[in-house]
Amino acid sequence: AKLKGATVRLLDASNYHVLLLDSNSKVWAWGNNGSGQLGDGTDRTRHEMAEVDFTALEQLNDGARIVSLSAGSEHNLALDSKGRLWAWGAGGNGQLGDGKSSPSRIPVQTNLTNLAGKVIVAATAGSGLSVALDNTGGLWIWGFNAYGRFGSGSTNYWDTRSQPMPVTWSGLGSAKIVDFAVGPEY
């Protein structure tokens, strides 16, 4: 009854919660909500669908709609039709990308100023880490560096980034990245 005739466009699940994007571009969530990862403004676990609160996106009043999403272990990412990225849930390692290291119980806009005009075309939430691909084949990463996940050569296990930074690998030469995946610990 909650979908009101809409169909499921995308379903993504993490360890303890599920996200659903319907054909009306509404996002729904259910499951564990201890870090606010359901995005409904609470930290209450839900055993049925609750709508993610995208009031901030709606207030932009520019016709943008959510087109894709990714469920991380305790945070999530959603990409809108204007190339903006939204994040919510656990944020203690900067994985929301909003320049802070704090959680959010509703979606906040990821700070994409470092992209200098490039547009995000795909994004994935992992475990304390977020990764995105831009329209030029560049990869961006933020959150927790554990085990050198940034690929920057940093051996500081506790290194964090609270907004997207480019991944640079000299071994790629002029090759462009066209797809990527993020696992449970990377």
Side-chain angles (χ1 to χ4, degrees), residues 10 12 14-15 19 21 25 27 35-37 39 52 54 56-57 60 62 64-104 106-186:
L10 179 64
D12 196 21
S14 186
N15 298 351
L19 297 177
L21 176 63
S25 295
V27 179
S35 297
Q37 63 265 44
V52 176
F54 272 99
L57 172 62
L60 294 175
D62 62 2
R65 301 171 69 98
I66 299 301
V67 295
S68 70
L69 47 80
S70 174
S73 64
E74 294 183 36
H75 79 290
N76 306 298
L77 299 174
L79 182 63
D80 75 25
S81 56
K82 303 283 184 181
R84 292 178 298 236
L85 199 56
W86 300 83
W88 64 99
N93 295 306
Q95 65 266 44
L96 302 184
D98 61 349
K100 302 173 185 171
S101 292
S102 57
S104 180
I106 59 172
V108 294
Q109 198 170 340
T110 298
N111 182 345
L112 300 178
T113 56
N114 287 348
L115 275 74
K118 297 176 182 122
V119 178
I120 296 296
V121 296
T124 301
S127 177
L129 179 80
S130 298
V131 183
L133 179 67
D134 72 35
N135 60 329
T136 69
L139 204 59
W140 299 79
I141 194 165
W142 60 101
F144 185 38
N145 185 46
Y147 307 106
R149 299 186 295 182
F150 291 164
S152 65
S154 171
T155 58
N156 182 353
Y157 181 90
W158 300 107
D159 191 12
T160 61
R161 295 179 183 170
S162 61
Q163 62 186 35
M165 301 299 289
V167 176
T168 54
W169 293 308
S170 59
L172 287 178
S174 62
K176 304 289 185 213
I177 297 169
V178 296
D179 199 6
F180 69 98
V182 175
E185 293 300 321
Y186 180 73

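Just so you know, these numbers come straight off a predicted model, no measurement behind them. Every heavy atom of this structure was used, including side-chain atoms; hydrogens, water molecules and symmetry mates were not.
Considering only residues two or more places apart in sequence or on other chains, V121 meets the side-chain contact (heavy atoms from CB on, under 4.5 Å) condition with L133, N135. Every side-chain contact (heavy atoms from CB on, under 4.5 Å) that D134 has, sequence neighbours left out, goes to L115, K118, T136, W140.
The two atoms that bring W142 and G94 nearest to each other are CD1-O, 3.3 Å, heavy atoms only. The minimum heavy-atom distance linking L77 with W88 is given by the pair C-CZ3, 4.2 Å. Between A64 and L57 the shortest heavy-atom distance is CB-CD1, 3.9 Å. Scanning both residues, S25 and R65, for their nearest heavy atoms gives OG-NE, 3.1 Å. For the residue pair P107 and V52, the shortest heavy atom distance occurs at CG-CG1, 3.5 Å. The heavy-atom pair separating L85 from A123 by the smallest distance is CD1-CB, 3.6 Å.
Between the side chain of S70 and the backbone N or O of A125, at least one donor-acceptor pair lies under 3.5 Å.
A distance of 9.5 Å separates CG in D98 from CD in Q163, rounded to the nearest 0.5 Å.
A side chain to side chain contact (heavy atoms under 4.5 Å, CB included) with W86 is found for one member of I66, V108, T110 and no other, namely I66. Applying side-chain hydrogen bond (donor to acceptor under 3.5 Å, both in side chains) to H75 and the options S127, S130, S35 leaves one that passes, S130.
The salt bridge (charged side-chain N to carboxylate O under 4.0 Å, His left out) pairs that include a residue from residues 84-94 are D62-R84, D80-R84, where partners are two or more places apart or lie in different chains.
Using a 4.5 Å heavy-atom cutoff, the side chains of P166 and N114 are not in contact. Taking the side chain as every heavy atom from C-beta outward, L21 and V27 approach each other to under 4.5 Å. Between L69 and N76 the shortest side-chain heavy-atom distance does not fall below 4.5 Å. You'll find the side chain of S104 reaches within 4.5 Å of the side chain of L96, heavy atoms only.
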